[in-house]
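Beneath this line is the structure, given in structure tokens, with notes to follow.
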Amino acid sequence: MASKRAVHVYWFYDGALSFAGALHAATLALYYIQMVGMNPLQLVLVGTVLEGTILLFEIPTGVVADTYGRRRSVIIGTLIIGAAFLLEGARPLVWLVLLAEAIRGFGWTFLSGALDAWLADEAGEQALGAVYLRSGQIARLCSLAGIGVGVALTQISLAAPVLTGGVVYLLAAVGLIWRMPE
């Protein structure tokens with residue numbers, strides 16, 4: 001039997017992360033090029049740092065989810081990613097962006113697999129198809145809203161969508177602390 005609370009928490013979380021991701025995704029390249037002043041090599045380096053960090057920490061952080069709980073792993077990862085975006089948007093410096101992307105990659109490894117495993121445990125495998133379908137719909141709507149808000153925030157500053165995305169991640173983590181069952 002599916003846990004309604006777990007399903008609703010998952011929908012909230014997926015929607016919040018889709019919103020936060022879309023906030024900065026539409027404008028992050030502009031932030032990197034115009035505010036940070038990155039050249040093409042540095043832009044490639046950003047992605048390399050992110051993916052390299054994920055590769056390095058995928059297995060060690062997976063142990064955290066298996067040993068200490070998937071809920072804890074998801075909350076830790078969400079907090080780390082939120083902090084990384086706040087760091088990235090704090091000052092337009094290349095080295096700070098690279099550090100923030102490494103931190104974000106590290107945070108992502110806490111989420112990788114843990115969220116879906118948590119949902120399967122809490123909601124039951126039979127409910128997953130319907131939960132994922134609805135989650136996809138919610139995520140698309142939240143992404144569209146995030147793109148609009150992100151573009152509007154660029155009128156304040158190109159860093160504003162990045163910083164706001166970080167705040168959304170941190171607020172989502174707080175919501176998980178209060179509402180996420182395990």
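- Nearest heavy atoms, A16 versus V168: O-CG1, 3.6 Å.
- Interatomic distance, I80 CD1 to I76 CD1, rounded to the nearest 0.5 Å: 6.5 Å.
- V64 and L115 fall into different hydrophobic clusters, defined by Ile, Leu, Val, Met, Phe, Trp and Tyr side-chain heavy atoms under 4.5 Å apart, directly or through other members.
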Going through the checks in order, is the side chain to side chain contact (heavy atoms under 4.5 Å, CB included) test met by I75 and R72? CA-CA 5 Å; I75 291 169; R72 184 173 292 171; 5.9 Å; no
Going through the checks in order, is the side chain to side chain donor-acceptor pair (under 3.5 Å) test met by T53 and E101? CA-CA 9 Å; T53 305; E101 287 298 304; over 6 Å; no
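- Partners of T48 under the side chain to side chain contact (heavy atoms under 4.5 Å, CB included) rule, at least two apart in sequence or in another chain, are V44.
- Using a 4.5 Å cut-off between side-chain heavy atoms of Ile, Leu, Val, Met, Phe, Trp and Tyr, with links allowed through other members, L86 and L158 fall into the same hydrophobic cluster.
- Residues I81 and L17 fail the side-chain proximity criterion, which asks for heavy atoms closer than 4.5 Å.
- Atom CZ of R71 has more than 12 heavy atoms from other residues, nucleotides or ligands within 6.0 Å.
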Go through the steps for L111 and W108 under the test side chain to side chain contact (heavy atoms under 4.5 Å, CB included), then give the verdict. CA-CA 5 Å; L111 298 178; W108 177 252; 3.7 Å; yes
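- Using bins of under 30°, 30° to 60° and over 60° for the plane-to-plane angle, the ring pair H24/F85 lands in the tilted bin.
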Under the criterion side chain to side chain contact (heavy atoms under 4.5 Å, CB included), I'd like the reasoning laid out for R134 against Q137: C-alpha separation, chi angles, the key distance, then a yes or no. CA-CA 5 Å; R134 175 63 61 168; Q137 295 167 339; 3.6 Å; yes
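- There is a path of hydrophobic side-chain contacts, each under 4.5 Å, that joins V162 to Y169.
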Given side chain to side chain contact (heavy atoms under 4.5 Å, CB included), test L119 with Y13 step by step and report yes or no. CA-CA 11 Å; L119 181 63; Y13 184 74; over 6 Å; no
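- The two residues I138 and G15 come nearest to each other via the heavy atoms CG2-CA, 4.0 Å.
- In terms of hydrophobic clustering, with Ile, Leu, Val, Met, Phe, Trp and Tyr side chains grouped at heavy-atom distances under 4.5 Å, W118 and V63 are assigned to different clusters.
- Of all heavy-atom pairs spanning G89 and L163, the tightest one is C-CD2, 3.5 Å.
- Not counting sequence neighbours, the partners of D116 by the side chain to side chain contact (heavy atoms under 4.5 Å, CB included) test are Y10, Y132.
- Minimum interatomic distance between F110 and S73 (heavy atoms only, all atoms of both residues): O-OG, 2.6 Å.
- To the nearest 0.5 Å, the span separating CG on L56 from OG1 on T109 amounts to 10.0 Å.
- Within the 4.5 Å cutoff, the side chain of Y31 has heavy atoms near those of the L28 side chain.
- The same ILVMFWY cluster, assembled from side-chain heavy atoms under 4.5 Å apart, contains both V9 and V174.
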Distance-only donor-acceptor pairs under 3.5 Å for side chains of residues 147-154, two or more places apart:
unit_1: T154; atom_1: OG1; unit_2: V151; atom_2: O; d: 2.4

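- Contact record, L50 with R104: CD2-NH2, 3.4 Å, taken as the closest heavy-atom pair.
- Counting heavy atoms from C-beta outward, E88 and Y32 have side chains that approach closer than 4.5 Å.
- Of the residues listed (L79, V74, L171), the one engaging L176 in a side chain to side chain contact (heavy atoms under 4.5 Å, CB included) is V74, and it is the only one.
- Nearest heavy-atom pair across R5 and M180 is NH2-N, 4.5 Å.
- In this structure, the side chains of L93 and V36 stay at 4.5 Å or more apart for every pair of heavy atoms.
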